[in-house]
2 protein chains.
Amino acid sequence: MPSTPRPARTSYHHGALREALLDGARELLAEGGADSFSLSALARRLGVSTAAPYRHFADKDALVDELCGEGYREFGRALTQAASSTTDARERLDALGVAYLRFAREHPAVFGIMFTDRGPAVLASGVPTFEVLVDAVVAAQDAGALPPGADPRVLARTVWATLHGLAVLGRRGGFTKLAIDDDEARLVADALALLTR
Amino acid sequence: MPSTPRPARTSYHHGALREALLDGARELLAEGGADSFSLSALARRLGVSTAAPYRHFADKDALVDELCGEGYREFGRALTQAASSTTDARERLDALGVAYLRFAREHPAVFGIMFTDRGPAVLASGVPTFEVLVDAVVAAQDAGALPPGADPRVLARTVWATLHGLAVLGRRGGFTKLAIDDDEARLVADALALLTR
DNA sequence: ACCTGAACACCGTTCAAGT
DNA sequence: ACCTGAACACCGTTCAAGT
(Lines give C-alpha, C1' and ligand atoms only; values in the text may rest on other atoms or scores of the structure.)
Protein backbone atom coordinates (compact mmCIF):
# COMPACT_ATOMS: atom_id res chain seq x y z
CA MET A 1 0.00 0.00 0.00
CA PRO A 2 1.93 3.03 -1.28
CA SER A 3 1.48 6.23 0.65
CA THR A 4 0.94 8.25 -2.52
CA PRO A 5 -1.35 6.86 -5.23
CA ARG A 6 0.56 5.92 -8.34
CA PRO A 7 -0.62 7.78 -11.46
CA ALA A 8 -1.77 5.34 -14.15
CA ARG A 9 0.74 4.61 -16.87
CA THR A 10 -0.54 6.81 -19.71
CA SER A 11 2.37 7.07 -22.06
CA TYR A 12 5.90 6.10 -22.78
CA HIS A 13 7.18 7.62 -19.58
CA HIS A 14 6.19 6.16 -16.25
CA GLY A 15 6.34 9.43 -14.39
CA ALA A 16 7.09 8.28 -10.88
CA LEU A 17 9.12 5.16 -11.46
CA ARG A 18 11.55 5.68 -8.62
CA GLU A 19 8.87 5.71 -5.95
CA ALA A 20 6.99 2.92 -7.69
CA LEU A 21 10.13 0.79 -7.63
CA LEU A 22 10.58 1.29 -3.89
CA ASP A 23 6.90 0.60 -3.20
CA GLY A 24 6.91 -2.49 -5.39
CA ALA A 25 10.15 -3.72 -3.85
CA ARG A 26 8.65 -3.48 -0.38
CA GLU A 27 5.65 -5.47 -1.57
CA LEU A 28 7.72 -8.19 -3.22
CA LEU A 29 9.95 -8.39 -0.18
CA ALA A 30 6.97 -8.77 2.13
CA GLU A 31 5.39 -11.40 -0.12
CA GLY A 32 8.24 -13.70 -0.95
CA GLY A 33 11.12 -12.87 1.34
CA ALA A 34 14.54 -11.53 0.54
CA ASP A 35 15.56 -14.42 -1.71
CA SER A 36 12.68 -14.30 -4.15
CA PHE A 37 13.09 -10.59 -4.73
CA SER A 38 14.47 -9.82 -8.17
CA LEU A 39 14.79 -6.64 -10.17
CA SER A 40 13.34 -8.41 -13.20
CA ALA A 41 10.19 -9.47 -11.36
CA LEU A 42 9.87 -5.95 -10.00
CA ALA A 43 10.08 -4.42 -13.48
CA ARG A 44 7.59 -6.98 -14.79
CA ARG A 45 5.11 -6.10 -12.05
CA LEU A 46 5.39 -2.40 -12.81
CA GLY A 47 5.05 -2.98 -16.54
CA VAL A 48 8.38 -1.42 -17.44
CA SER A 49 11.37 -2.86 -19.21
CA THR A 50 14.04 -4.69 -17.25
CA ALA A 51 16.49 -1.88 -17.96
CA ALA A 52 14.25 0.89 -16.68
CA PRO A 53 15.27 0.66 -12.99
CA TYR A 54 18.85 1.49 -13.93
CA ARG A 55 17.85 5.10 -14.70
CA HIS A 56 16.99 5.49 -10.99
CA PHE A 57 19.34 3.14 -9.15
CA ALA A 58 22.93 2.27 -9.94
CA ASP A 59 22.23 -1.42 -9.35
CA LYS A 60 20.15 -3.78 -7.27
CA ASP A 61 22.26 -3.16 -4.17
CA ALA A 62 21.58 0.58 -4.37
CA LEU A 63 17.84 -0.05 -4.30
CA VAL A 64 18.15 -2.49 -1.41
CA ASP A 65 20.36 -0.03 0.48
CA GLU A 66 17.65 2.59 0.09
CA LEU A 67 15.13 0.13 1.52
CA CYS A 68 17.47 -0.51 4.46
CA GLY A 69 17.78 3.21 5.11
CA GLU A 70 14.00 3.55 5.17
CA GLY A 71 13.87 0.53 7.47
CA TYR A 72 16.30 2.09 9.92
CA ARG A 73 14.34 5.31 9.97
CA GLU A 74 11.08 3.52 10.68
CA PHE A 75 12.81 1.31 13.24
CA GLY A 76 14.15 4.42 14.94
CA ARG A 77 10.69 5.98 15.00
CA ALA A 78 9.19 2.83 16.55
CA LEU A 79 11.86 2.75 19.27
CA THR A 80 11.58 6.47 19.96
CA GLN A 81 7.83 6.19 20.27
CA ALA A 82 8.14 3.21 22.62
CA ALA A 83 10.67 5.11 24.75
CA SER A 84 8.28 8.01 25.16
CA SER A 85 5.38 5.76 26.16
CA THR A 86 6.35 5.77 29.83
CA THR A 87 8.16 8.03 32.26
CA ASP A 88 9.45 5.11 34.32
CA ALA A 89 13.04 4.42 33.34
CA ARG A 90 12.84 0.70 34.12
CA GLU A 91 9.57 0.24 32.22
CA ARG A 92 11.09 2.13 29.32
CA LEU A 93 13.64 -0.63 28.80
CA ASP A 94 10.87 -3.20 28.54
CA ALA A 95 8.93 -1.00 26.14
CA LEU A 96 12.01 -0.64 23.94
CA GLY A 97 12.56 -4.39 24.00
CA VAL A 98 9.00 -5.19 22.99
CA ALA A 99 9.15 -2.59 20.21
CA TYR A 100 12.42 -4.12 18.99
CA LEU A 101 10.96 -7.62 18.77
CA ARG A 102 7.71 -6.38 17.30
CA PHE A 103 9.48 -4.57 14.48
CA ALA A 104 11.43 -7.73 13.67
CA ARG A 105 8.20 -9.74 13.61
CA GLU A 106 6.13 -7.24 11.61
CA HIS A 107 8.85 -6.48 9.05
CA PRO A 108 10.79 -9.74 8.84
CA ALA A 109 12.18 -9.24 5.34
CA VAL A 110 13.32 -5.66 5.88
CA PHE A 111 14.70 -6.52 9.31
CA GLY A 112 16.62 -9.42 7.83
CA ILE A 113 18.09 -7.22 5.11
CA MET A 114 18.98 -4.44 7.53
CA PHE A 115 21.20 -6.73 9.57
CA THR A 116 22.85 -8.85 6.91
CA ASP A 117 26.14 -7.79 5.45
CA ARG A 118 25.43 -4.59 3.62
CA GLY A 119 27.72 -1.69 2.92
CA PRO A 120 29.15 0.68 5.52
CA ALA A 121 26.58 3.31 4.52
CA VAL A 122 23.81 1.07 5.85
CA LEU A 123 25.73 0.44 9.07
CA ALA A 124 26.05 4.17 9.68
CA SER A 125 22.28 4.52 9.37
CA GLY A 126 21.89 2.27 12.39
CA VAL A 127 23.73 4.54 14.82
CA PRO A 128 20.89 6.97 15.53
CA THR A 129 18.72 3.99 16.41
CA PHE A 130 21.32 2.91 18.92
CA GLU A 131 21.32 6.32 20.60
CA VAL A 132 17.73 5.82 21.77
CA LEU A 133 18.96 2.80 23.71
CA VAL A 134 21.89 4.70 25.19
CA ASP A 135 19.58 7.44 26.47
CA ALA A 136 17.27 4.86 28.05
CA VAL A 137 20.25 3.17 29.71
CA VAL A 138 21.43 6.46 31.21
CA ALA A 139 17.95 7.05 32.63
CA ALA A 140 17.89 3.51 34.02
CA GLN A 141 21.25 4.11 35.65
CA ASP A 142 19.93 7.27 37.29
CA ALA A 143 16.90 5.32 38.50
CA GLY A 144 19.11 2.66 40.02
CA ALA A 145 18.05 -0.14 37.67
CA LEU A 146 21.50 -0.46 36.08
CA PRO A 147 24.99 -0.08 37.62
CA PRO A 148 25.59 3.69 37.88
CA GLY A 149 29.35 3.48 37.54
CA ALA A 150 29.46 1.63 34.23
CA ASP A 151 29.95 3.15 30.76
CA PRO A 152 26.41 3.60 29.39
CA ARG A 153 27.56 2.72 25.88
CA VAL A 154 28.90 -0.61 27.12
CA LEU A 155 25.66 -1.30 28.98
CA ALA A 156 23.62 -0.30 25.94
CA ARG A 157 25.71 -2.61 23.78
CA THR A 158 24.85 -5.54 26.03
CA VAL A 159 21.15 -4.65 26.11
CA TRP A 160 21.16 -4.19 22.35
CA ALA A 161 22.88 -7.53 21.80
CA THR A 162 20.38 -9.30 24.05
CA LEU A 163 17.34 -7.78 22.33
CA HIS A 164 18.82 -8.42 18.91
CA GLY A 165 19.58 -12.03 19.79
CA LEU A 166 16.02 -12.54 20.99
CA ALA A 167 14.69 -10.99 17.81
CA VAL A 168 16.89 -13.01 15.47
CA LEU A 169 16.59 -16.35 17.23
CA GLY A 170 12.89 -15.96 17.87
CA ARG A 171 12.07 -14.75 14.39
CA ARG A 172 11.59 -18.05 12.66
CA GLY A 173 10.65 -20.13 15.64
CA GLY A 174 14.16 -20.65 16.94
CA PHE A 175 12.80 -21.04 20.44
CA THR A 176 9.80 -23.12 19.44
CA LYS A 177 11.95 -26.19 18.94
CA LEU A 178 13.26 -25.76 22.47
CA ALA A 179 9.79 -25.70 23.97
CA ILE A 180 10.53 -22.30 25.45
CA ASP A 181 8.69 -20.18 22.93
CA ASP A 182 7.04 -17.46 24.94
CA ASP A 183 5.37 -14.30 23.73
CA GLU A 184 7.44 -11.18 23.12
CA ALA A 185 6.56 -9.44 26.37
CA ARG A 186 7.70 -12.43 28.42
CA LEU A 187 10.80 -12.97 26.30
CA VAL A 188 11.85 -9.39 26.95
CA ALA A 189 10.81 -9.40 30.61
CA ASP A 190 12.78 -12.57 31.39
CA ALA A 191 15.90 -11.24 29.66
CA LEU A 192 15.83 -7.75 31.14
CA ALA A 193 15.05 -9.11 34.61
CA LEU A 194 18.45 -10.75 34.48
CA LEU A 195 20.20 -7.65 33.14
CA THR A 196 18.70 -5.13 35.55
CA ARG A 197 18.28 -5.07 39.30
CA MET B 1 41.85 -27.98 2.87
CA PRO B 2 39.88 -31.24 2.65
CA SER B 3 40.51 -33.75 5.40
CA THR B 4 40.86 -36.60 2.91
CA PRO B 5 42.95 -36.05 -0.24
CA ARG B 6 40.84 -36.04 -3.37
CA PRO B 7 41.88 -38.74 -5.87
CA ALA B 8 42.85 -37.21 -9.21
CA ARG B 9 40.17 -37.32 -11.89
CA THR B 10 41.30 -40.25 -13.98
CA SER B 11 38.29 -41.15 -16.03
CA TYR B 12 34.71 -40.41 -16.82
CA HIS B 13 33.62 -40.97 -13.25
CA HIS B 14 34.77 -38.63 -10.56
CA GLY B 15 34.75 -41.23 -7.83
CA ALA B 16 34.20 -39.13 -4.75
CA LEU B 17 32.10 -36.29 -6.07
CA ARG B 18 29.86 -35.96 -3.06
CA GLU B 19 32.70 -35.24 -0.67
CA ALA B 20 34.44 -33.08 -3.25
CA LEU B 21 31.27 -31.00 -3.61
CA LEU B 22 31.07 -30.40 0.12
CA ASP B 23 34.78 -29.56 0.36
CA GLY B 24 34.59 -27.22 -2.61
CA ALA B 25 31.44 -25.59 -1.29
CA ARG B 26 33.17 -24.84 2.00
CA GLU B 27 36.06 -23.30 0.08
CA LEU B 28 33.86 -21.15 -2.14
CA LEU B 29 31.83 -20.07 0.85
CA ALA B 30 34.95 -19.07 2.76
CA GLU B 31 36.33 -17.21 -0.25
CA GLY B 32 33.40 -15.23 -1.54
CA GLY B 33 30.69 -15.35 1.09
CA ALA B 34 27.24 -16.84 0.91
CA ASP B 35 26.05 -14.72 -2.00
CA SER B 36 28.78 -15.55 -4.49
CA PHE B 37 28.37 -19.27 -3.95
CA SER B 38 26.81 -20.99 -6.92
CA LEU B 39 26.40 -24.61 -7.89
CA SER B 40 27.64 -23.80 -11.38
CA ALA B 41 30.87 -22.26 -10.12
CA LEU B 42 31.33 -25.24 -7.84
CA ALA B 43 30.91 -27.72 -10.70
CA ARG B 44 33.29 -25.66 -12.84
CA ARG B 45 35.94 -25.70 -10.12
CA LEU B 46 35.66 -29.47 -9.76
CA GLY B 47 35.76 -30.00 -13.51
CA VAL B 48 32.42 -31.73 -13.72
CA SER B 49 29.30 -30.85 -15.64
CA THR B 50 26.74 -28.53 -14.13
CA ALA B 51 24.28 -31.40 -13.84
CA ALA B 52 26.64 -33.71 -11.95
CA PRO B 53 25.83 -32.40 -8.44
CA TYR B 54 22.22 -33.46 -8.89
CA ARG B 55 23.19 -37.13 -8.62
CA HIS B 56 24.28 -36.44 -5.02
CA PHE B 57 22.02 -33.64 -3.80
CA ALA B 58 18.38 -33.01 -4.60
CA ASP B 59 19.07 -29.30 -5.14
CA LYS B 60 21.25 -26.46 -3.96
CA ASP B 61 19.35 -26.15 -0.68
CA ALA B 62 20.04 -29.79 0.16
CA LEU B 63 23.77 -29.19 -0.19
CA VAL B 64 23.62 -26.01 1.88
CA ASP B 65 21.55 -27.81 4.54
CA GLU B 66 24.25 -30.45 4.75
CA LEU B 67 26.84 -27.70 5.25
CA CYS B 68 24.69 -26.22 8.02
CA GLY B 69 24.46 -29.60 9.73
CA GLU B 70 28.23 -29.93 9.64
CA GLY B 71 28.50 -26.40 10.96
CA TYR B 72 26.24 -27.15 13.90
CA ARG B 73 28.22 -30.26 14.76
CA GLU B 74 31.50 -28.36 14.70
CA PHE B 75 29.92 -25.49 16.63
CA GLY B 76 28.72 -27.96 19.24
CA ARG B 77 32.20 -29.47 19.52
CA ALA B 78 33.77 -26.03 19.99
CA LEU B 79 31.28 -25.14 22.74
CA THR B 80 31.66 -28.50 24.46
CA GLN B 81 35.41 -28.19 24.43
CA ALA B 82 35.21 -24.65 25.81
CA ALA B 83 32.87 -25.82 28.57
CA SER B 84 35.30 -28.51 29.65
CA SER B 85 38.24 -26.10 29.75
CA THR B 86 37.53 -25.02 33.31
CA THR B 87 35.90 -26.45 36.42
CA ASP B 88 34.74 -23.04 37.62
CA ALA B 89 31.08 -22.64 36.71
CA ARG B 90 31.30 -18.86 36.35
CA GLU B 91 34.43 -19.00 34.22
CA ARG B 92 32.75 -21.62 32.08
CA LEU B 93 30.13 -19.13 30.95
CA ASP B 94 32.87 -16.76 29.78
CA ALA B 95 34.65 -19.59 28.01
CA LEU B 96 31.42 -20.53 26.23
CA GLY B 97 30.85 -16.93 25.22
CA VAL B 98 34.32 -16.49 23.79
CA ALA B 99 34.00 -19.78 21.91
CA TYR B 100 30.65 -18.63 20.51
CA LEU B 101 32.04 -15.36 19.19
CA ARG B 102 35.21 -17.00 17.93
CA PHE B 103 33.26 -19.52 15.89
CA ALA B 104 31.24 -16.72 14.33
CA ARG B 105 34.44 -14.86 13.47
CA GLU B 106 36.39 -17.84 12.15
CA HIS B 107 33.51 -19.28 10.11
CA PRO B 108 31.54 -16.20 9.10
CA ALA B 109 29.93 -17.67 6.00
CA VAL B 110 28.86 -20.94 7.62
CA PHE B 111 27.70 -19.10 10.73
CA GLY B 112 25.66 -16.76 8.60
CA ILE B 113 24.04 -19.63 6.74
CA MET B 114 23.33 -21.59 9.93
CA PHE B 115 21.23 -18.78 11.34
CA THR B 116 19.40 -17.51 8.30
CA ASP B 117 16.03 -18.91 7.44
CA ARG B 118 16.65 -22.50 6.56
CA GLY B 119 14.34 -25.46 6.88
CA PRO B 120 13.09 -26.97 10.14
CA ALA B 121 15.65 -29.79 9.80
CA VAL B 122 18.45 -27.26 10.22
CA LEU B 123 16.72 -25.68 13.20
CA ALA B 124 16.48 -29.07 14.92
CA SER B 125 20.23 -29.52 14.49
CA GLY B 126 20.80 -26.48 16.67
CA VAL B 127 19.11 -27.92 19.75
CA PRO B 128 21.99 -30.11 20.96
CA THR B 129 24.23 -27.04 20.80
CA PHE B 130 21.82 -25.26 23.08
CA GLU B 131 21.97 -28.05 25.66
CA VAL B 132 25.62 -27.28 26.39
CA LEU B 133 24.51 -23.82 27.46
CA VAL B 134 21.70 -25.18 29.63
CA ASP B 135 24.13 -27.46 31.47
CA ALA B 136 26.51 -24.56 32.08
CA VAL B 137 23.64 -22.42 33.37
CA VAL B 138 22.59 -25.12 35.85
CA ALA B 139 26.16 -25.32 37.14
CA ALA B 140 26.29 -21.52 37.42
CA GLN B 141 23.04 -21.59 39.39
CA ASP B 142 24.52 -24.16 41.80
CA ALA B 143 27.58 -21.96 42.16
CA GLY B 144 25.44 -18.93 42.99
CA ALA B 145 26.34 -16.98 39.86
CA LEU B 146 22.79 -17.09 38.50
CA PRO B 147 19.41 -16.97 40.32
CA PRO B 148 18.85 -20.50 41.72
CA GLY B 149 15.08 -20.35 41.55
CA ALA B 150 14.75 -19.55 37.86
CA ASP B 151 14.03 -22.00 35.03
CA PRO B 152 17.47 -22.87 33.62
CA ARG B 153 16.08 -23.02 30.08
CA VAL B 154 14.81 -19.48 30.39
CA LEU B 155 18.15 -18.30 31.74
CA ALA B 156 20.00 -20.17 29.00
CA ARG B 157 17.74 -18.56 26.42
CA THR B 158 18.74 -15.11 27.65
CA VAL B 159 22.44 -15.97 27.74
CA TRP B 160 22.15 -17.51 24.28
CA ALA B 161 20.39 -14.44 22.91
CA THR B 162 23.02 -12.14 24.37
CA LEU B 163 25.93 -14.11 22.96
CA HIS B 164 24.22 -14.47 19.61
CA GLY B 165 23.49 -10.76 19.47
CA LEU B 166 27.12 -9.95 20.23
CA ALA B 167 28.24 -12.39 17.54
CA VAL B 168 25.86 -11.09 14.87
CA LEU B 169 26.25 -7.39 15.56
CA GLY B 170 29.98 -7.61 16.05
CA ARG B 171 30.58 -9.78 13.02
CA ARG B 172 31.00 -7.14 10.38
CA GLY B 173 32.08 -4.29 12.58
CA GLY B 174 28.64 -3.42 13.86
CA PHE B 175 30.17 -2.01 17.03
CA THR B 176 33.06 -0.28 15.29
CA LYS B 177 30.84 2.53 14.09
CA LEU B 178 29.78 3.12 17.68
CA ALA B 179 33.37 3.49 18.86
CA ILE B 180 32.82 0.65 21.30
CA ASP B 181 34.43 -2.14 19.36
CA ASP B 182 36.27 -4.19 21.96
CA ASP B 183 37.88 -7.58 21.59
CA GLU B 184 35.81 -10.71 22.06
CA ALA B 185 36.92 -11.45 25.61
CA ARG B 186 35.89 -7.99 26.78
CA LEU B 187 32.65 -8.06 24.81
CA VAL B 188 31.70 -11.30 26.55
CA ALA B 189 32.99 -10.23 29.96
CA ASP B 190 31.04 -6.96 29.92
CA ALA B 191 27.85 -8.69 28.88
CA LEU B 192 28.04 -11.61 31.29
CA ALA B 193 29.03 -9.31 34.15
CA LEU B 194 25.62 -7.74 33.78
CA LEU B 195 23.82 -11.09 33.51
CA THR B 196 25.49 -12.81 36.43
CA ARG B 197 26.19 -11.78 40.00
C1' DA C 1 25.35 -46.18 -11.03
C1' DC C 2 27.40 -41.98 -12.34
C1' DC C 3 28.25 -38.34 -15.46
C1' DT C 4 27.73 -35.33 -19.92
C1' DG C 5 25.45 -32.18 -23.37
C1' DA C 6 22.10 -29.50 -24.40
C1' DA C 7 18.26 -27.15 -23.26
C1' DC C 8 14.78 -24.08 -20.45
C1' DA C 9 13.34 -20.22 -17.75
C1' DC C 10 15.32 -16.84 -15.08
C1' DC C 11 18.77 -13.54 -13.30
C1' DG C 12 21.70 -8.73 -13.20
C1' DT C 13 23.60 -5.56 -16.18
C1' DT C 14 24.81 -2.91 -20.45
C1' DC C 15 23.98 -0.09 -24.48
C1' DA C 16 22.39 1.56 -28.67
C1' DA C 17 18.19 3.23 -30.07
C1' DG C 18 13.62 5.24 -29.57
C1' DT C 19 10.16 9.18 -27.66
C1' DA D 1 15.52 13.12 -19.44
C1' DC D 2 13.43 8.73 -19.37
C1' DC D 3 12.39 4.35 -21.24
C1' DT D 4 12.68 0.21 -24.70
C1' DG D 5 14.75 -3.84 -27.22
C1' DA D 6 18.08 -6.74 -27.63
C1' DA D 7 21.97 -8.68 -26.08
C1' DC D 8 25.64 -10.87 -22.73
C1' DA D 9 27.23 -13.81 -19.11
C1' DC D 10 25.47 -16.23 -15.50
C1' DC D 11 22.15 -18.84 -12.62
C1' DG D 12 19.29 -23.41 -10.97
C1' DT D 13 17.26 -27.31 -12.79
C1' DT D 14 15.85 -31.07 -16.03
C1' DC D 15 16.45 -34.93 -19.12
C1' DA D 16 17.80 -37.72 -22.76
C1' DA D 17 21.92 -39.78 -23.87
C1' DG D 18 26.56 -41.57 -23.07
C1' DT D 19 30.17 -44.81 -20.35
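In the text below, chain A, chain B and the rest are named by the order of the sequence lines, each starting its count at 1.
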Working note: F103(A) + L79(A), criterion side chain to side chain contact (heavy atoms under 4.5 Å, CB included); need CA distance, chi angles, decisive distance, verdict.
CA-CA 9 Å; F103(A) 184 89; L79(A) 292 182; over 6 Å; no
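Protein atom CG of L63(A) is 11 Å distant from nucleotide atom P of dT13(C), rounded to whole Å. Across the protein-nucleic acid pair, Y54(B) atom OH and dT4(C) atom P stand 14 Å apart, rounded to whole Å. Spacing between atom CG of D35(A) and atom P of dC10(C) amounts to 17 Å, rounded to whole angstrom units. The distance between atom CZ of F37(A) and atom C1' of dG12(C), rounded to the nearest whole Å, is 12 Å. Rounded to whole angstrom, the span from the CG atom of D59(A) across to the P atom of dC11(C) amounts to 17 Å. In this structure, L21(B) atom CG and dG12(D) atom P are separated by 13 Å, rounded to whole Å. Atom CG in L42(B) sits roughly 15 Å away from atom C1' in dC3(C) (whole-Å rounding). Protein atom CG of L46(A) is 13 Å distant from nucleotide atom C1' of dC3(D), rounded to whole Å.
Each of dT13(C), dG12(D), dT4(D) was ranked by its minimum atom distance to the side chain of K60(A); first place goes to dT13(C). Among the nucleotides dG5(D), dC3(C), dT13(D), the one closest to the side chain of A52(B) is dC3(C). Nearest nucleotide to the side chain of A41(A), out of dC11(C), dC3(D), dT13(C): dC11(C). For L39(B), whose side chain is taken as the heavy atoms from C-beta onward, the closest listed nucleotide among dC3(D), dT13(D), dT4(D) is dT13(D). Nearest to the side-chain atoms of R55(B) among the listed nucleotides dG5(C), dC3(C), dG12(D) stands dC3(C).
Figure legend. dA7(D) is base-paired to dT13(C); pairs are counted as Watson-Crick or G-U wobble with both atom distances under 3.5 Å. In a base pair of the Watson-Crick type (N1 to N3 plus N6-O4 or O6-N4) or a G-U wobble (N1-O2 and O6-N3), with each distance short of 3.5 Å, dA1(C) is matched with dT19(D).
Judged by distance alone with a 3.5 Å cut-off, no donor-acceptor contact links the side chain of T50(B) to the base of dT4(C).
Under the 4.0 Å criterion applied to side-chain N and carboxylate O atoms, R26(B) and D23(B) are assigned as salt-bridge partners.
Classified by interplanar angle (parallel below 30°, tilted 30° to 60°, perpendicular above 60°), the ring pair F111(B)/Y100(B) is perpendicular. Using cut-offs of 30° and 60° on the angle between ring planes, the pair Y72(A) and F75(A) is tilted.
At dC3(C), one or more side-chain N or O atoms of H56(B) fall inside 4.0 Å of OP1 or OP2 (strictly under the cut-off). Within the structure, a side-chain polar atom (N or O) of S38(B) is placed less than 4.0 Å from OP1 or OP2 of dC11(D). Distances shorter than 4.0 Å separate some side-chain N or O of R44(B) from OP1 or OP2 on dC11(D). Put simply, S40(B) has a side-chain N or O that comes within less than 4.0 Å of OP1 or OP2 on dG12(D).
V110(A) and L67(A) make their closest contact through CG1-O, 4.4 Å (heavy atoms, listed as atom of the first residue, atom of the second, distance).
Counting any heavy atom pair closer than 4.0 Å across all strands shown, R18(A) reaches no nucleic acid atom.
Applying the salt bridge (Lys or Arg N to Asp or Glu O under 4.0 Å) test to D61(B) and every residue at least two apart in sequence or in another chain returns R118(B).
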